[in-house]
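Okay, structure first, notes after.
When a ligand or atom number is given, it counts from 1 through the structure's own listing order.
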Amino acid sequence: MKKTNQEEIQRHNSQLILKTIYDRAAISRVEISRLTGLTRTTVSDAVARFIQDGVVMEVGILPSRGGKPPILLSIVDDARHLIGLDLADNEFRGAVVNLRGKIIQRACISVEGVDGGEALSLVYQLIEQLHNLTDRPLLGIGIGTPGLMDPQKGMVLNAVNLDWRDLPLGDLLRERFGLPIAIANDCQAAALAEFIFNNPENRDNLVLVKAGRGVGAGIVLGGRSMYGDSFGAGEIGHVKMVADGERCRCGNTGCLETLVSCRAIVGRASAAMEQAGRASRMQAFGDSPEAESEIIFQAYQDGDEMVVPVVDQAGSYLAKALAFLVSVLNINKVVIAGSLARFGDRFAQAIQNQVEREVLPALGRDTRVVTSKLGDDIVILGAAGLLLSQEMGVV
Ligand SMILES: [Zn+2]
């Protein structure tokens, strides 16, 4: 057997053993050997290396059933830290994350009005800040970025909001920080986070729609992110939904994004409230966009008669787009994430009802539309998950 093959097999076996430990709270060497089909010697050698690296530790002893009592092993959750970044909003957000996806520290930098090389320097700054917030060895840096992205090359092909074109972000960061880098589009990272961290026991195929500043979808099919031939799978934000609609930042008119981005919905709902002479309620909370959004989210959940029709109209456009996605992919689970998730279960249910009516009945019956519970950290967690998968093969 060639040396490279042997090395590959050894690496594969090591990853399999580490994943078997990672997937359980505590497990013995004998049980790992039984579950993986690898010899006890192979398991023991690999475990010895992991213990030496500090990634695995012995945590207890099982009662003996004759012979030496088996020792239980666990992953050391904080043996390595990861840096996760979300570049998809008006501020770059980042966190130090442990091997279980737990957020240890956070940092953020405003990018309002900044793009191109300046935005890139802010990415460097944010990473340096986060680097200083942990004293653990770093596994690497995971990034969720807006726009079209080639995850294999780590190349941002086109991110309109940041004015990045053919930017070799992966290479630049690898050279600067000397760490492994994993990068994906923000919606694809969010979909991966939902797949890995939401309910590890139940890993279904899923379509995740993320709407905040922009609108897009991420798809996880057969346990893998689906990127598409030119990495644009799930780019539903710029499908034309209405004739003579509003001008979109992509240059066309009537795109889905102009109808269902959070900014668009909140803008329309606020206007409806003001028209109905309810401006006082809006003003009471000040002028900040966050406060305004908060009022609209709450008013919708309270069943406000001015706000509900406006939000439901937007939801209806989204449902139309989702009906096509569900029909093409036959994926049963649809997750709504980003700021749109703040409209809650009422919004998800309205979309589910419409999708159910507008697809083949046999598909509609099984479609479930839910809101993500991962909140604002979803892209950071997905980027960290991508890195965990790439570097350790444990998720
Ligand atoms: Zn557009």
Side-chain angles (χ1 to χ4, degrees), residues 86-91 111-116 119 144-150 155-167 184-191 207-219 226-271 289 293 296 310-329 334-343 347 351 354-355 358 378-379:
D86 174 0
L87 309 183
D89 234 311
N90 293 331
E91 57 176 14
V111 273
E112 205 74 67
V114 175
D115 58 18
T145 172
L148 277 186
M149 173 73 221
D150 177 342
M155 176 83 87
V156 181
L157 303 172
N158 191 354
V160 179
N161 282 338
L162 295 170
D163 195 23
W164 286 350
R165 268 178 202 83
D166 297 324
L167 178 77
N185 163 275
D186 62 308
C187 296
Q188 286 160 348
V207 172
L208 177 140
V209 183
K210 182 169 161 288
R213 195 177 187 185
V215 176
I219 300 157
M226 186 182 150
Y227 295 123
D229 286 341
S230 33
F231 312 104
E235 282 287 344
I236 57 172
H238 301 281
V239 174
K240 194 180 184 80
M241 297 299 284
V242 291
D244 305 324
E246 232 174 78
R247 173 77 49 193
C248 177
R249 65 195 166 98
C250 74
N252 291 335
T253 58
C255 296
L256 183 66
E257 189 172 298
T258 64
L259 300 161
V260 309
S261 73
C262 206
R263 197 186 333 205
I265 300 179
V266 167
R268 285 196 186 100
S270 300
S293 305
I296 301 300
V310 177
V311 178
D312 280 348
Q313 172 71 54
S316 168
Y317 287 118
L318 188 55
K320 275 230 171 312
L322 286 171
F324 282 104
L325 267 181
V326 164
S327 301
V328 170
L329 298 165
V334 177
V335 182
I336 295 172
S339 34
L340 268 196
R342 305 282 298 281
F343 286 112
F347 186 64
I351 291 176
Q354 188 180 335
V355 172
E358 297 189 0
I378 192 164
V379 173

For residues 251-264, which side-chain N or O atoms pair as donor and acceptor with protein atoms under 3.5 Å away, sequence neighbours left out?
residue: Thr253; atom: OG1; partner: Lys240; partner atom: NZ; Å: 2.9
residue: Glu257; atom: OE1; partner: Val215; partner atom: N; Å: 3.3
residue: Glu257; atom: OE1; partner: His238; partner atom: NE2; Å: 3.3
residue: Glu257; atom: OE1; partner: Arg249; partner atom: NH2; Å: 3.0
residue: Glu257; atom: OE2; partner: Arg249; partner atom: NE; Å: 2.5
residue: Glu257; atom: OE2; partner: Arg249; partner atom: NH2; Å: 2.9
residue: Thr258; atom: OG1; partner: Cys255; partner atom: O; Å: 2.6
residue: Ser261; atom: OG; partner: Glu257; partner atom: O; Å: 3.3
residue: Ser261; atom: OG; partner: Ala264; partner atom: N; Å: 3.2

With sequence neighbours left out, what residues match Leu325 under side-chain contact (heavy atoms from CB on, under 4.5 Å)? Val207, Ala217, Ile236, Leu322, Leu329

Listed partners of Asp89 passing side-chain contact (heavy atoms from CB on, under 4.5 Å), at least two apart: Arg213

Start with the C-alpha distance between Asn158 and Val156, add both sets of side-chain angles, then the distance that settles side-chain contact (heavy atoms from CB on, under 4.5 Å), and finish with yes or no. CA-CA 6 Å; Asn158 191 354; Val156 181; over 6 Å; no

Return the set of protein N, O or S atoms whose distance to the Zn ion (ligand 1) is under 2.8 Å, each given as residue and atom. His238 ND1, Cys248 SG, Cys250 SG, Cys255 SG

Search all heavy atoms of Ala119 against all heavy atoms of Val114 and return the closest pair with its distance. N-CG1, 3.5 Å

Roughly how far, to the nearest 0.5 Å, is CE of Met241 from NZ of Lys320? 7.0 Å

